[in-house]
Amino acid sequence: MPPPAQARDERFAISLPAGNLADILEALSAQTGVSFVYDVRLPTARTRAARGHMTARDALDRILQGTPVHAVRIGPRAFRIAARPRSAARRPAPPAAPELQATATADEEIVVTARKLPEALSSIAGAIAVYVPRDPARQDRATRAGDVARAIEGLNVANGGLGRERSFIRGLADSPFNGFSQSTVSVQVDEGRVTYDAAEPGLYLTDIARVEVLKGPQGPLYGTGALGGVYRIVTNRPVIGSTSGTATMGGQMVGSGGLGANAEAMLNLPLVSDLAALRLVGYARSDAGWVDDADGPSDVNRTRIAGGRAALRLASATGWTTDLIGAYQVSHTADSQYVDRDYEDLTRNISQREPRRGVFGLGQAIVSGPIGALRLTAVTSHAWQDQHDVFDASAAATQLGVPGALRYRDGRAYRVFDQEVRLTSAPGSAFAWTAGVSYISAVTRATGAIETATITVPDYFALHRRVTETSLFADGAYPLAPRLKLAIGMRLFRATTEDERQEELDARKVNHAVIGFTPSTSLSYQLADDRLFYVRLGTAYRPGGIDPSNSRTGRYVGDSVRSIEAGGRASFDGGRLDLTFAGFHAVWHNIQSDYLEPAGLVATHNAGDATIFGVEGSATWRPGGGWQLRGGFTIQRPRLTNAADGTRLPKDRRLPVVPDLAGDFAIARTVRLFGHEITPYAAFNYVGASRLSFDDGLDRGMGDYALARAGATTTVGPFTLALDVDNLLDARADSFAYGNPFSIHSEHQYTPLRPRTFSLSVSRSF
């Protein structure tokens with residue numbers, strides 16, 4: 001993504017005929033990559049033609065000339081369409097003042113689509129946080145979900161290693177173990193769900209527009225499983241009117257570890273000047289290891305990632321667009337990243353390696369266009385994820401019942417098919433709504449094989465699960481008064497589960513279907529154009545499955561969350577100071593929790609009921625002179641209150657992984673030095689104390705650490721150089737007290753933070 005100043009001044013090959021206003025604005029968005037939000041319903045006006053090489057601002061002024069609306073820039077790639085003053089309704093729009101373009105900042109306004117409508121972030125009645133990458137050469141930009149969590153209040157990602165990480169939002173954490181219960185966070189890429197019961201796939205975040213995090217239960221819009229919220233990656237779409245590209249190369253050095261390197265490239269190519277474009281993205285990365293074999297080689301946990309994405313966009317002046325997206329990523333980790341001595345000592349007594357290999361693929365088709373005044377969107381998405389882990393199983397040979405067991409090979413294949421068709425209201429309607437039908441099918445196949453020195457037991461464990469969800473959904477907001485708005489969402493669904501599990505010689509099979517209804521509602525009041533207060537009620541549900549420990553029914557039941565929150569957003573001092581705040585309370589019934597059986601295999605049961613109280617807030621201040629400061633905090637109390645049988649626990653028990661307290665602070669300033677623009681920055685994160693699990697024997701403490709980083713970027717001619725030092729103070733702490741499920745009961749395990757890491761990169765845009 002080009003830096004903000006470049007985005008404002010970029011010129012595009014634009015070819016727009018005279019036509020319907022709504023259709024031409026959609027075509028302009030496809031040709032330039034800009035987004036629109038609407039203050040008024042678009043009139044049925046006919047635009048003027050716009051052809052030639054020009055900026056998006058110039059094109060807007062031409063096509064809106066003589067119409068009752070005009071465009072106001074609210075961000076580097078965003079415009080607000082508002083009613084033109086009556087006295088100017090028939091006069092040509094004046095060109096944007098150059099001085100206003102020069103002083104605009106990338107933080108003016110963000111347009112998000114997580115709620116299936118384009119909305120200005122400041123106007124949303126609910127808790128949503130957005131991570132927007134800055135200059136692609138910045139080394140402090142997020143490349144994985146764990147990096148995003150450092151900048152988003154309430155988002156926690158367990159540090160289990162690439163492809164083993166589980167995400168949690170606002171304290172709704174069920175377990176650190178990668179079992180077979182549906183994730184409490186729905187992971188989306190663009191318009192489709194990509195995980196169901198798999199861990200966060202470790203997608204490499206390059207050439208993305210933003211990451212949108214919806215907090216709190218999101219059952220109405222996203223279906224079963226979105227108990228804690230939604231983590232949505234929005235990729236950059238092809239831009240039809242631009243030929244552009246970027247290339248980045250970098251290197252890393254880990255203290256007490258080895259060397260690493262990375263390379264990324266993007267190319268945007270118009271195929272037909274005003275009809276189609278192709279965007280190609282490729283990347284490769286090798287992260288140095290830092291865990292040593294006590295009796296052998298060093299830095300054994302090196303990780304390699306390689307992948308790419310291709311997107312084809314077809315668009316026309318009628319307002320219809322078709323996006324075809326394909327993505328593929330393969331990763332390989334040479335060994336686990338936990339140690340068995342102490343997190344201060346980065347060594348482990350390794351009798352055998354525990355490598356991991358993961359493959360992720362995605363195919364997606366998105367068709368969108370006008371149906372009268374409404375807009376139709378049809379999405380077909382298919383994601384697949386294969387994971388292969390090897391664990392040292394020698395410590396659990398007796399419990400496994402296989403004398404001389406050495407290795408356990410865990411193979412999993414996940415498939416998620418997501419089909420959705422929805423209608424949305426006309427742009428700028430006072431009553432903004434979306435409604436549609438959805439079908440999701442998630443298939444999981446898991447196998448476990450045990451190897452000894454002489455034999456292999458190939459079918460020691462097997463699981464086959466197929467879950468389908470068919471649903472009707474609707475969500476809309478209606479103004480009760482000029483500044484008061486009521487929003488209601490609902491989803492009626494039927495979820496079926498076909499579950500078959502074989503463990504040793506014990507086979508179980510459960511078929512189950514449930515019909516459910518998940519509503520939401522919010523009330524918001526706009527105190528001023530830049531100040532909003534809201535109250536929201538949310539719900540979500542996820543279906544049950546097989547529970548080997550339940551001798552009566554053989555299954556665990558579905559769990560549900562109800563939450564209430566109150567919060568707001570406000571800007572002061574002419575937009576220099578932005579504040580967000582929220583308080584929330586959630587009640588979680590029949591928690592599904594993955595747990596370790598004595599042999600080390602993972603199963604799921606109902607753990608009881610919980611309540612979560614919390615407050616969170618953030619502030620961004622731009623005092624001028626190139627300065628920008630940002631800080632945020634989360635204070636929460638996630639506690640298990642009732643046991644699975646409904647009895648009140650003698651004392652509240654903390655839910656796993658998530659801390660009660662977390663905070664972050666960042667500061668940056670852009671200055672000119674020796675004729676070059678330089679941006680030094682520094683950031684600080686604190687993660688409070690937490691626990692591994694509430695299961696007996698695994699109540700181990702972790703967390704309570706601070707991380708600091710600092711760096712700088714500068715532009716020299718066409719090149720951008722970046723230097724970054726992460727974990728600046730070389731903090732040592734246990735970030736995740738878990739590594740091997742077969743030995744965790746018999747030994748202490750620690751997952752240390754990555755030591756101090758120096759990174760240097762060079763990037764060029766063309």
Taking atom types as modelled and ignoring hydrogens, do the side chains of [X] and [Y] form a donor-acceptor contact shorter than 3.5 angstrom?
X: T679; Y: T670; result: yes
X: D578; Y: S571; result: yes
X: S122; Y: E109; result: yes
X: S618; Y: E616; result: no
X: T321; Y: E26; result: no
X: Q592; Y: D559; result: yes
X: R542; Y: S560; result: no
X: D207; Y: N236; result: yes

| R630, CZ atom: more than 12 neighbouring heavy atoms under 6.0 Å | yes
| field | Working for side-chain hydrogen bond (donor to acceptor under 3.5 Å, both in side chains), residues S438 and R491 | value | CA-CA 10 Å; S438 171; R491 192 180 195 98; 3.2 Å; yes
Contact summary for [X] and [Y], nearest pair of heavy atoms:
X: F431; Y: W433; answer: O-CD1, 3.3 Å
X: K116; Y: T424; answer: O-CG2, 3.7 Å
X: Y534; Y: I124; answer: CD2-O, 4.5 Å
X: R41; Y: A373; answer: NH2-CB, 3.7 Å
X: I169; Y: L214; answer: CD1-O, 3.9 Å
X: G223; Y: E469; answer: CA-OE2, 3.5 Å

Presence of salt bridge, [Y] and [X], under 4.0 angstrom:
X: E191; Y: R232; value: yes
X: R170; Y: E565; value: yes
X: D664; Y: R150; value: no
X: D475; Y: R115; value: no
X: R639; Y: D660; value: yes
X: D147; Y: R141; value: no

[X] side chain to [Y] backbone, donor-acceptor under 3.5 Å:
X: R84; Y: V69; answer: yes
X: Q218; Y: G229; answer: no
X: D23; Y: N20; answer: no
X: D190; Y: T235; answer: yes
X: Q419; Y: V379; answer: yes
X: T634; Y: G154; answer: yes

| request: Compare all side-chain heavy atoms of P519 with those of I488 and state whether any distance is below 4.5 angstrom. | output: no
| task | Return each pair, listed once, that meets ring-ring contact (aromatic ring centres under 6.0 Å, His included) where at least one residue sits in residues 206-232; pairs must be two or more places apart or across chains. | result | none
| query | Among all residues two or more places apart in sequence or in another chain, which pass the side chain to side chain donor-acceptor pair (under 3.5 Å) test with R313? | reply |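 Only D323 meet the side chain to side chain donor-acceptor pair (under 3.5 Å) criterion with R313.
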| said: Here's a test for you: under side chain to side chain contact (heavy atoms under 4.5 Å, CB included), which of I233, L155, V157 qualifies with V148? | reply: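 The option that passes is L155.
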| task | Report the residues that fulfil ring pair (Phe, Tyr, Trp, His ring centres under 6.0 Å) with F517, sequence neighbours left out, ordered by chain and then residue number. | result |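 Residues passing ring pair (Phe, Tyr, Trp, His ring centres under 6.0 Å) with F517: none at all.
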